[in-house]
Every structure is written in structure tokens, then in C-alpha cells.
Student: 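Can you read through this structure? Questions will come right after.
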Number of protein chains: 2
Amino acid sequence: MSKSELVVLGQDAEPAACCSPMVREPLDAADAVDLARMFKALADPVRLRLLSLIASHEGGEACVCDLTGPFDVSQPTISHHLKVLREAGLVGSERRGTWVYYRAVPGALARLSALLAIPPAARPGTPA
Amino acid sequence: MSKSELVVLGQDAEPAACCSPMVREPLDAADAVDLARMFKALADPVRLRLLSLIASHEGGEACVCDLTGPFDVSQPTISHHLKVLREAGLVGSERRGTWVYYRAVPGALARLSALLAIPPAARPGTPA
DNA sequence: GCGTTGCATCGACATCCGTCAATACAACAG
DNA sequence: CTGTTGTATTGACGGATGTCGATGCAACGC
């Protein structure tokens, strides 16, 4: 793992590709599979808390060493959860010597947020 | 089931109770359990598509009879998924004679959307 | 009341998933 | 190279979940 896995900025350009609010039009099956995978990554309390710890951490990133303490689960479990988040595209990681740092992927969060948003001018099902 | 289960409007008042953006501060454990449950309900492609069908349906609601056709799964599976969505608080239902109508709960979606939002003036970890 | 339609529930099954102890791998210092 | 620290992976285990056919329940018309 000599190359950085930390995502390049520019992810922000991606949200529009898939996810206008779901209340506006039905999701297609392919998008749904992709999105369900991301929601599945969020569907565990420990992972939610990990993500929020990472995302809100000073400097916008957190070292695994900052993440193994606050939970009542073992280190391998934390690693496993981080892997799930990483593979879902919600976080990126970068090794700096012994230490591994994780950072949230803003574009991915924004994508999900946009999907769930209620359009301001319309309510569900109200023609926009 | 003679009383309506369709949620009363006013749910919009609730999002603020829990979910400012997770990138702003770490989630507490109790909130994480509650939110993970909702994300779990979204963590299945069929359920995502069901929710989007319901939410985008004309009139803001859909009858189960509108929902059993578009998927390659059986009617009991659709019912099961609708139950999961309902129990997660993402949809409400109302029986009208033989027909049962489902409607998305805007407040619940807005709550999740707000949780995942990236604050406009700050990026993850940037002091606001 | 009976037959029909719509929808929910039940029970079984195969698959998936969170957790852990043990272990492997990466990086570093001496 | 060895020992140490940090982190990821492995394999086992018990529990959770999506799916189905069968069935039960709700509502309706006759």
C-alpha cells in the first residue's frame, strides 16, 4: 500500500450524475443497488459513529488510533467497519508510516443527502 | 385497523431534535442506533425503489396495488418490505376499504438528509 | 353467509453480517 | 535482522435478513 488511497477532490462533481431527490422520480434498479450498498454501510450504529467521528474530526481526518478507543468493540471490529465504509466509498484512507488516516468523502455524503432531500418548492408527489 | 396510520403533518418539526450534519459533531450512541435503523430500512434495493415509487407517486401516495407490479419479487415480499419501511418510520399507511395506501414521511427523509448534508460554509472538519 | 379480491403474516430456508481471538502484514527504531 | 507498535485479515460463530409458498385477515359485493 504505497500509493495513497485518499480520494482526490472533485467528487463533488459526481452527485448530479445519479441522485436528484427520490421524491421526484422513481429510482432505477441499477442506481438502487449502488445506493443500497452505501446505505447498508451506514446501517450499523458503530459505523455511523465512526463516520461522524472521522468527518467531524479536527483537520477533517482521523487516525485509526483515534477511533479504536471510543467504542466497546475490539480493534479488528473497528478495522472491519472501516473497511466496509471504505468499500462503500464513504471514506478514504491514507497510510503515513505506521499510522493510517481516514477521511470522509464529501461527495458521497452529498449524493445521499441530495437523494433524500425534500425539494423546497414541492412536497412528495406534488408536481414541481 | 380501523384507525388511520397515516402520519399527521408536523413531522417537519422533528428533524432539528436530532440531526445536524454528522460532519459537524460526533453522533451519540443512542442517536446512532435510531438512525442506523432507518438506514437499514434503506439498505435494500427493492425497499429503496419502493420508497421512491411511493414518494414520487402522483398525489404523494401509492396503493400497494401500484407497488406489487414493478418488481421481480412476490407480493408477500413487497408487504414485508413495506412493513420494514413503516416500522422504520419512513412511510405511513392508510387503509381505504380493500386498498392500502402508503405515503412517505417527509420529516424522516429530511432528518436523514440533514444528517448527511455538508454544511455550505464549512467542509468536513473545518471549524465553522 | 359465501365467494372474491387485496394485503399482511407465518414458517422455513439460504444467505448475509457483526463480533471476536488469533494471526498476518506494514512500518519503524535500534 | 529483531523487536515493537499499529492496523488489516482470517476463520468461526451466533444472530439477522430477504425470499417464497401457504395461509390468515380485512373489506366488499351479492
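To find a chain, count down the sequence lines: A is the first, B the second, and so on, and within it residues start at 1.
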Student: Within 45 degrees of the ring normal and closer than 6.0 Å to the centroid, is that where the cationic atom of B/Arg86 sits relative to B/Tyr102?
Tutor: no
Student: Can you tell me if A/Tyr102 touches the phosphate of D/dG6, counting only side-chain N or O atoms and a distance under 4.0 Å to OP1 or OP2?
Tutor: no
Student: Within the structure, does a side-chain N or O atom of B/Ser79 lie under 4.0 Å from either OP1 or OP2 of C/dA8?
Tutor: yes
Student: Output yes when a side-chain donor or acceptor of B/Arg47 lies under 3.5 Å from a complementary backbone atom of B/Lys40, and no otherwise.
Tutor: yes
Student: Distance check needed: D/dG11 C1' versus A/Lys83 NZ, whole Å only.
Tutor: 13 Å
Student: Under 3.5 Å, is there a donor-acceptor pair between the side chain of A/Ser56 and the main chain of A/Ser52?
Tutor: yes
Student: Whole Å only: how far is the CZ atom of B/Phe71 from the P atom of D/dG18?
Tutor: 14 Å
Student: When you check every protein heavy atom under 4.0 Å of nucleotides 12-20 of chain C, what one-letter string (B, S, -) results, 5' to 3'?
Tutor: -----SSBB
Student: Between C/dA8 atom P and B/Trp99 atom CH2, what is the distance in whole Å?
Tutor: 13 Å
Student: Hey, which of these two, B/Thr68 or A/Thr98, hits DNA chain C nearer its 5' end, going by closest nucleotide?
Tutor: B/Thr68
Student: Just the rounded figure in Å: distance from P of C/dT9 to CD of B/Glu87.
Tutor: 8 Å
Student: Taking atom P of D/dT17 as reference, at what distance in whole Å does atom CZ of B/Phe39 sit?
Tutor: 16 Å
Student: Provide, to the nearest angstrom, the distance between the CD1 atom belonging to B/Ile78 and the P atom belonging to C/dC7.
Tutor: 11 Å
Student: Write down the distance between CG (B/Leu85) and P (D/dT17), rounded to a whole number of angstrom.
Tutor: 14 Å
Student: For the side chain of B/Ser113 and the backbone of A/Ser113, is there at least one donor-acceptor N/O pair under 3.5 Å apart?
Tutor: yes
Student: Any donor-acceptor pair under 3.5 Å linking the side chain of B/Arg37 with the backbone of B/Glu87?
Tutor: yes
Student: Distance check needed: C/dA8 P versus B/Arg86 CZ, whole Å only.
Tutor: 6 Å
Student: Test your reading of the model: is there a side-chain donor-acceptor pair from A/Arg103 to the backbone of A/Gly92, 3.5 Å cut-off?
Tutor: no
Student: Which residue pairs pass the side chain to side chain donor-acceptor pair (under 3.5 Å) test when at least one of the two sits in residues 64-74 of chain A, sequence neighbours left out?
Tutor: A/Ser74-A/Thr77
